[in-house]
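A, B, ... follow the sequence lines: proteins, then strands. Residue 1 opens every chain.
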Number of protein chains: 2
Amino acid sequence: MGVKPDKKVTLKDIAQALGVATSTVSNAYNRPDQLSPELRERIFETARRLGYSGPDPMARGLRRGRVGAIGVVYPDRLSYAFTDPVAPLFIQGIALEAEQAGYGLLLVGSTPQEDSTLAATASVDGFVVQCFADGDPLYQAVIGRRLPTVLVDNFSDTPGLPWVTVDDVGGARAAAEHLIALGHRRLGIASLELTRQSVGGILTLEQQAGASYGPTRARLQGYRVAVEAAGLSWGRDVVVYECPENTLEEGRRAAEVLLGQSPRPTAILAMSDQLALGVLEHAARQGTAVPTGLSVVGFDDAPIAAQTTPSLTTVRQDHVEKGRRAGQMLLALLEGREALEPVILPTRLVVRESSGPPPRS
Amino acid sequence: MGVKPDKKVTLKDIAQALGVATSTVSNAYNRPDQLSPELRERIFETARRLGYSGPDPMARGLRRGRVGAIGVVYPDRLSYAFTDPVAPLFIQGIALEAEQAGYGLLLVGSTPQEDSTLAATASVDGFVVQCFADGDPLYQAVIGRRLPTVLVDNFSDTPGLPWVTVDDVGGARAAAEHLIALGHRRLGIASLELTRQSVGGILTLEQQAGASYGPTRARLQGYRVAVEAAGLSWGRDVVVYECPENTLEEGRRAAEVLLGQSPRPTAILAMSDQLALGVLEHAARQGTAVPTGLSVVGFDDAPIAAQTTPSLTTVRQDHVEKGRRAGQMLLALLEGREALEPVILPTRLVVRESSGPPPRS
DNA sequence: CGATTCATCTGAATCGTTTCAGTAGTATAG
DNA sequence: CTATACTACTGAAACGATTCAGATGAATCG
């Protein structure tokens with residue numbers, strides 16, 4: 001039992017079996033006060049006997065206009081989503097709110113075949129969408145659904161479309177200021193992608209101007225503000241390397257390329273802890289001591305950042321809180337409450353062992 | 001726009017606007033070959049103009065009998081699910097298969113209010129359910145749905161209900177044998193929960209016999225086989241401490257209690273890396289050197305296990321593969337292909353730095 | 001005792017699609 | 001020039017529930 005391919009048992013079947021109206025059976029499930037307890041019990045008994053597992057969610061959803069699921073949209077393939085150690089934290093935050101309100105979480109990513117995006121056909125009551133590049137078709141598909149939607153890590157000027165971001169500019173700026181205060185004068189930046197389908201590599205100033213991912217753009221700007229405030233030249237004293245993916249390997253490669261520049265940077269600013277860990281790994285392989293030979297600062301404060309050797313100096317953002325806020329905003333929309341104000345969450349520099357004064361030249 | 005609460009635009013509206021049959025409009029979306037390209041284009045144009053976002057997923061799902069989502073069920077609250085670093089890997093595995101077949105992943109956990117479980121009302125085509133204790137009501141609810149279902153980390157004797165597990169017994173045994181071969185004669189075990197809603201603490205032999213979580217039971221058994229094969233006494237030479245939650249904190253507490261026993265264990269076997277990391281943390285705080293003062297062996301081989309200092313000796317299982325297999329099995333069921341055989345994935349001891357010979361007494 | 005309320009239960013409309021058996025009308029074959 | 005086959009489109013019946021305005025009879029009230 002449990003998996004027999006019986007023809008489907010419906011409300012009607014059990015109504016017929018008992019000689020009552022289907023509406024009565026429906027009431028047994030949805031409005032216990034509308035019928036006598038005995039009849040209700042008899043209905044459940046019959047349902048059990050016939051193997052009826054309760055009202056069909058889809059039919060109910062259609063009629064009620066509500067499914068009980070919120071869509072969480074990733075700009076990338078779903079299977080990549082979890083290579084980033086902070087993704088689960090964000091989801092956890094949404095889950096925290098969703099489960100209280102009785103919603104499930106439907107994860108949707110872009111499918112291998114670009115054309116038919118799942119976002120267009122997902123049965124959900126609303127969406128939380130993460131960090132999109134300008135003009136991403138998946139994003140368009142989501143917006144096209146005209147469902148209540150909350151943006152994360154992206155701004156929006158559309159009224160009624162709330163968003164939550166973090167202070168990327170401030171965080172990045174604090175990170176760069178920290179290194180400069182330690183005496184570093186030559187910096188390498190391991191950047192996240194600037195555009196969809198980027199190939200990576202050292203970026204010219206022009207290319208940097210074309211960043212279409214919000215957080216990447218904001219962090220570059222934050223770094224730059226600090227650099228120029230210190231009287232350094234962004235063009236001359238800083239090298240920006242774009243990593244085409246947010247993985248350890250790309251972090252390693254970034255380190256390799258950046259440290260191959262001359263003059264050699266004495267510190268590397270990474271836009272994620274994932275990349276920073278890759279940088280640490282490269283340094284370890286090369287026998288470069290951190291922080292005496294090289295300083296590294298990450299971004300995110302992933303749980304692992306505190307556990308590595310050396311532990312990672314990084315910019316903390318509260319991913320769980322970010323998820324919660326997004327969840328709260330969406331639920332407010334879904335439940336017809338007043339829309340919540342967009343919010344910018346704070347970031348904070350956490351100094352650990354991976355940053356220190358530059359080596360004396 | 002995008003979020004205006006217009007009254008819903010339907011197929012019928014756009015059919016009327018063009019003076020064609022609704023079935024024709026439907027065909028425009030689902031069977032392009034059934035109508036002339038020009039009409040199809042006119043239909044899309046009108047749809048765009050009226051703000052029609054394509055066939056309603058729920059209505060379509062109802063009619064077609066397929067939603068395009070697979071339910072991933074956690075035995076616990078969803079927000080807890082992600083405190084374990086290996087959970088994302090498992091999901092990633094499922095996602096890998098699901099996204100290829102065009103399915104989304106609906107995460108459902110137990111809701112705070114025990115009664116109305118989301119599993120009973122989730123719009124999905126099938127379920128993957130993780131490690132349940134015998135008789136868990138959430139599990140009953142899932143089975144009651146009579147949808148195609150795959151069990152993970154649990155066996156099943158029901159035909160047509162495939163499962164995937166790992167060789168927990170073998171892995172645990174290898175871990176214990178490793179420690180014994182190193183010379184350890186007194187072991188502490190930091191166990192995962194044995195039953196739902198357990199409170200934790202040192203376990204008597206009787207209590208151990210009542211384990212209702214499959215993996216916990218299997219690992220205990222594996223440890224025991226190794227211990228007794230070496231001529232040691234399970235009752236006298238081994239202390240089992242049950243952690244009520246799989247968290248760092250509980251790992252620390254386990255270490256504290258286990259190391260407080262006398263005679264003191266010279267090694268701790270933890271049933272997850274998460275717990276093992278807690279043990280390491282406790283050791284570090286106490287100034288106990290690992291592995292010279294204490295050996296620690298984990299379970300799972302979470303990504304972080306290789307990165308800690310000292311790196312963690314552990315039993316490797318391939319969580320991504322576990323997810324993939326589960327996904328494949330479910331998809332086979334969903335697509336009406338022949339059911340795949342249940343599978344037991346291998347485990348393998350990975351020796352790193354956290355295990356060594358016991359201190360000389 | 002007639003009027004009201006109350007607790008139960010019923011019927012029919014509806015939710016927004018898909019599907020399938022047709023119907024014209026036009027092109028191809030014999 | 002009639003039979004055959006397409007092509008392009010239509011109508012109506014599902015899909016499996018919920019909802020809401022009644023209907024029925026029993027109980028309560030003044």
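With F132(A) as the aromatic partner, R196(A) does not meet the cation-pi criteria of under 6.0 angstrom to the ring centre and within 45 degrees of the ring axis.
Comparing dG16(D), dT10(D), dT19(D) by their closest approach to the side chain of N27(A) singles out dT19(D). For R63(B), counting side-chain heavy atoms from C-beta on, the closest listed nucleotide (dG16(C), dT10(C), dA17(D)) is dG16(C). Listed nucleotides dT19(C), dG11(C), dG16(D) differ in distance to S23(A); the shortest reach to its side chain belongs to dG11(C). Taking the side chain of V20(B) as heavy atoms from C-beta on, and the options dT18(C), dT10(D), dG16(D), the nearest nucleotide is dT10(D). In the set dT19(C), dT18(D), dG16(C), dG16(C) carries the atom at the smallest distance from any side-chain atom of L62(B).
Among the heavy atoms of the strands lying under 4.0 Å from S36(B) are primed sugar atoms or P, OP1, OP2 only; no base atom is included. Residue Y29(A) is out of contact with every strand shown, counting any heavy-atom pair closer than 4.0 Å. Counting non-hydrogen atoms under 4.0 angstrom, L35(B) reaches the backbone sugars and phosphates but no base. R31(A) comes within 4.0 angstrom of the backbone, heavy atoms only, and of no base. Backbone-only contact: T10(A) has heavy atoms under 4.0 Å from sugar-phosphate atoms and none from a base.
Using a 4.0 Å cut-off, no side-chain N or O of S26(A) falls inside it from OP1 or OP2 of dA17(D).
In this structure, the side chain of S26(B) does not engage the main chain of T22(B) through any donor-acceptor pair within 3.5 Å. No donor-acceptor pair closer than 3.5 Å links the side chain of D153(B) to the backbone N or O of Q130(B). In terms of modelled atom types and a separation under 3.5 Å, the side chain of R324(A) and the main chain of G93(A) share no donor-acceptor contact. Side-chain N or O atoms of E99(B) include one that pairs as donor or acceptor with a backbone N or O of L78(A) at under 3.5 Å.
The CG atom of N30(A) sits 7 Å away from the P atom of dT19(D) (whole-angstrom rounding). Look at CD on E38(B): it is 14 Å from P on dT7(D), rounded to the nearest Å. Atom CZ in R66(B) sits roughly 24 Å away from atom P in dA14(D) (whole-Å rounding). Atom P of nucleotide dA7(C) and atom CZ of R40(A) are separated by 17 Å, given to the nearest angstrom. The distance between atom CD of Q16(A) and atom P of dG16(D), rounded to the nearest whole Å, is 13 Å. What separates CG of D56(A) from P of dT17(C) is a distance of 17 Å, to the nearest Å. Atom-to-atom, NZ of K12(A) to C1' of dA12(C) comes out at 12 Å; the value is rounded to the nearest Å. Summarising the geometry, the separation between CZ on R60(B) and C1' on dT19(C) is reported as 13 Å, rounded to the nearest angstrom.
Place T22(A) and Q34(A) on DNA chain D by their nearest nucleotides, and T22(A) ends up nearer the 5' end. Each of R42(B) and M58(A) was assigned the nucleotide of DNA chain D with the nearest heavy atom; the assignment lying further toward the 5' end belongs to R42(B).
Applying the Watson-Crick and G-U wobble criteria (two distances, each under 3.5 Å), dG30(D) pairs with dC1(C).
R325(B) and E321(B) are joined by a salt bridge, as a carboxylate oxygen and a charged side-chain nitrogen come within less than 4.0 angstrom of each other.
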